[in-house]
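Every heavy atom of this structure was used, including side-chain atoms; hydrogens, water molecules and symmetry mates were not. All values reported here derive from a predicted model rather than from experimental measurement. Within every chain, numbering begins at 1; the chains are lettered A, B, ... in the order of the sequence lines, protein sequences first and strands thereafter.
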2 protein chains.
Amino acid sequence: MPAPPLPSAKSIQVDTRGALILDEESPETRDSRGIYLPNYVEPVSHIAVDIGGSLAKVVFFTRSTEPPSSPSIAATRGSSQASHVSTPVSTSPPHHDFAPLSPHPSHPRVNGALTPAVLEHNGHHGPTISGLSTLDHSAFRDNLLRRVSVQHLPGGSLNFERFETEHIDECVEFLQALIERSAELNGVPIEDMRKGVKIMATGGGAHKFYEMFQSKLQVEVRREDEMECLIEGLKFITLIPHEVYYFSDELIHEVSHQTACSNRPSILSVNGTNREYERPSPNPPRYAVSFEANPTPQLPCLLVNIGSGVSIIRVDEDGSFERVSGTSLGGGTLWGLLSLLTPATTFDGELFSSFVVEKGDNASVDMLVGDIYGQDYSKLGLKSTMIASSFGKVFKKDGKKVKFSAEDISRSLLYAVSNNIGQIAYMNAEKYNLERIYFGGCFIRGHAATISTLSYAIRFWSKGTKRALFLRHEGFLGSIGAWIKNIGEEEIEEV
Amino acid sequence: MPAPPLPSAKSIQVDTRGALILDEESPETRDSRGIYLPNYVEPVSHIAVDIGGSLAKVVFFTRSTEPPSSPSIAATRGSSQASHVSTPVSTSPPHHDFAPLSPHPSHPRVNGALTPAVLEHNGHHGPTISGLSTLDHSAFRDNLLRRVSVQHLPGGSLNFERFETEHIDECVEFLQALIERSAELNGVPIEDMRKGVKIMATGGGAHKFYEMFQSKLQVEVRREDEMECLIEGLKFITLIPHEVYYFSDELIHEVSHQTACSNRPSILSVNGTNREYERPSPNPPRYAVSFEANPTPQLPCLLVNIGSGVSIIRVDEDGSFERVSGTSLGGGTLWGLLSLLTPATTFDGELFSSFVVEKGDNASVDMLVGDIYGQDYSKLGLKSTMIASSFGKVFKKDGKKVKFSAEDISRSLLYAVSNNIGQIAYMNAEKYNLERIYFGGCFIRGHAATISTLSYAIRFWSKGTKRALFLRHEGFLGSIGAWIKNIGEEEIEEV
């Protein structure tokens, strides 16, 4: 039998026309919402895993011949209320009950399962491939972004799951079950399914756990470069409507008009009024959130990926990139110090968020400019509410131990880590003359306090000339990239 | 009586020929060693006070007609052993027994006392003023720096004292006693002495405590701009022989030859060998210390002043300056977090130093590159021993509280804060194209671990092109500057 005329790997694109970000099942899965791709019809069998220092992030595609039962249009459009991103996100383990895998039990052979190409060649043919994949890349992209009508061809969903790296066994068990269930749903022996499935592993753990994944899952495991995957993931995800968000300029304008006038000129002056970007202490204003409904290509940009540590990557217009900087003061530092300084329960998801956002007052532990000067240091443009020294009020030389509240400590730590990342990010954006600064990684967790602090820091240091951009699937850039990089690969190998 | 032909304030210089840094009385006063100025003969009555967020630093000049009894030549030349700077520095309060004020009780009317010009005009004339003060500034400086012979004209000593800002009363009491004792030694009524003495106050507390100083001491108090004083202090102190020190290139060369070869090119390559600057984890090499025996003017440079918070100041060749950056993660953060995380005794001077330098292993709390990758991430030039996430090993999602040692926590925190300051300092030095990076402020405290981490960070980020420079009187830049700025002022006013 002659090989079918398959398109080359390079020209195969994921059809994102009509892509819908699914409604979250619970606040805990805010950043793990599936993305429904109604027009994507390629067979995809590979699973991408990005194993970081603290979390392992999994991305896989499952077929569904109909749109999902409850894609919340409201959810995909976002909201202009700050409360939308302040939704607390628990760090409890993801659900492993496979509910998202099988939303339509009436289509057991296709829905909710991995669909390896090898099965198609063996008589399990899915819908015919549309001609879209041969289109020019950028023309295709521009075209699909502007299309309004959505053809309801059989599609499927990108699924997202998180696991702790420390309990990587849970991740392996999940993948094992996913493969077994896919074999069952497709009605093929598990051995055939294993031959068709590949794990695309990235992140530091891709090296550390390579052999373990291979031996336990009995499928092919391939390693992908971490930075390449982050950038591929960023390029893909920023084209999904309502994925990218930022704090609106309008509210920043309002906020800045409430503050005392400053002698520091702002570039974003309106009607000749100089305005100032306050630092987030002690009570940051709540910014409105704007979602990008009509995404355009976002290169060049700076990607600041905040996981346990922080990587800062410069991405050029042509997609080439370099890890130009980083800092060890990242999510691991925040959660590590919080776990040492506060009761365990206070930093777990919802409680942390409510503590930090609503109750904490960093001014009880941080030394502010006003504490030292008794006033603004206006000659230097330092307001009295600015943090001069994080935790600067804590140390008492006489050895007296003062008790500080967990809420205040949480807020101070969050500010310290977020401000520092924002500052280093800004300096790199300035050095490489980049306007867009994307923040990704699991550190952000949709917390309003984190997002507002990072946004503030960028606006403060750039005097309003640069913007902090955020992503709903902030923690999944690497795994999305590992997934997208290998789209089309398997068809070639099956020839 | 016609006014004597006094030189203008601008041309009066402190004569630093033959300046000797006195031997420390104890390790606790390592950075408070007096500086003997054998050729300086001007009457000086003012006392400079730099009141920061945590510490108040006092500088004053006392006459002595002979060199001090035991200026240790060895101490002024420094040592090439790392142990010299690792001398532990206690944070206990300074001695208030006035021993340093009166080393020569046989000369009670001159030695160890403030000598206001007003007393000279009233018949208490000191030695005649030499013609040096009318010389051109830079020619004078160049000249005195090259002179070897030291004329033992009557001179005096700059004295240094530290107090906690929280206990500012102790500082006021010290100054009160100093003024009273000076009146007694000079044989004048206390009222006359008060008229002749001025307090030059700088730092944030100069504003906060202005009225308190004035009312309690009943002397004139003047406020001086903090940044101006820091820069004036830096310009003066860097001209004192054996004051400036740095880690020697020679040992860095040796150290780098011990490390595995890297694919990251180093500018300081020798014989074509590419070398790499390791980050300080988990066991930093001990660098040898080089002291600058023949100082030259050090402008332009970057000054990184690390007190409770951090100020980063660009100084141009002409002495003009700008506070270009800073970070709230400074000494207050280190000591504040240490006091929350460790028993009080562990961070007090000697104990902290021995813990951090000798016993601590940050690898038990920090997540290293090797912990994530199981190896180097050599494509990015990240060695397995590099810190990927400070405190990244601490957080356990299951809520288990693991006990970490105070030593390991101390070391991790010191690395986190020092590395971060070094990184931000480097980025600013790069931005403004400055080769010399001076680190000042009380954070450093002569701790070898701090100094080596800052040196490392600068060498790592600059790939060996920039150098971290340190000062023996690191914490007194602001007070020295406030003192030097007002030299000559009083003579003019007395006319």
- Message: Is A:A416 in contact with chain B via its backbone, its side chain, both, or neither, using a 4.5 Å heavy-atom distance?
- Response: both

- Message: To check you understand the geometry: which heavy-atom pair defines the closest contact between A:S339 and B:V394, and what is its length?
- Response: OG-CG1, 3.3 Å

- Message: Which one wins on heavy-atom pair count under 4.5 Å against chain A: B:D371, B:T165, B:D225?
- Response: B:D225

- Item | Top contributor to chain B contacts, counting heavy-atom pairs under 4.5 Å, from A:G331, A:G332, A:G336, A:S390 | A:S390

- Item | Interatomic distance, A:F391 atom CZ to B:L341 atom CG [nearest 0.5 angstrom] | 8.5 Å

- Which answer fits A:M427, side chain, backbone, both or neither, if we ask what part of it has an atom under 4.5 Å from a heavy atom of chain B? both

- Item | Which portion of A:F209 sits near chain B, non-hydrogen atoms under 4.5 angstrom | neither

- Item | Between B:S308 and A:S389, a side-chain donor and acceptor under 3.5 Å | no

- Answer with side chain, backbone, both or neither: which region of A:N428 has an atom nearer than 4.5 Å to a non-hydrogen atom of chain B? both

- Note on the structure: Between the CZ atom in A:F395 and the CD atom in B:E164, the distance rounded to the nearest 0.5 Å is 7.0 Å

- Checked B:M227, B:K393, B:E322 vs chain A; the most non-hydrogen pairs under 4.5 Å come from B:M227

- Query: With distance as the sole test, does B:K431 use its side chain to make a donor-acceptor pair with the main-chain N or O of A:K431 at under 3.5 Å?
  - Reply: no

- Test item: B:L340 and A:F404 side chains (from C-beta on) under 4.5 Å apart, heavy atoms: yes

- Could you go through the side-chain contact (heavy atoms from CB on, under 4.5 Å) check for A:M367 and B:S54 one step at a time? CA-CA 10 Å; A:M367 190 181 282; B:S54 303; 4.2 Å; yes

- Task: For A:Q423 and B:S325, indicate whether the former's side chain and the latter's backbone hold a donor-acceptor pair under 3.5 Å.
- Result: no

- Message: So which residue, A:L413, A:L337, A:D366, A:I409, ends up with the most heavy-atom pairs under 4.5 Å with chain B?
- Response: A:L337

- Message: Between B:L329 and A:L329, does the side-chain contact (heavy atoms from CB on, under 4.5 Å) criterion hold? Intermediate values first, please.
- Response: CA-CA 11 Å; B:L329 300 176; A:L329 299 177; 4.0 Å; yes

- Task: State, yes or no, whether a side-chain contact exists between A:N420 and B:I424 at a heavy-atom distance under 4.5 Å.
- Result: yes

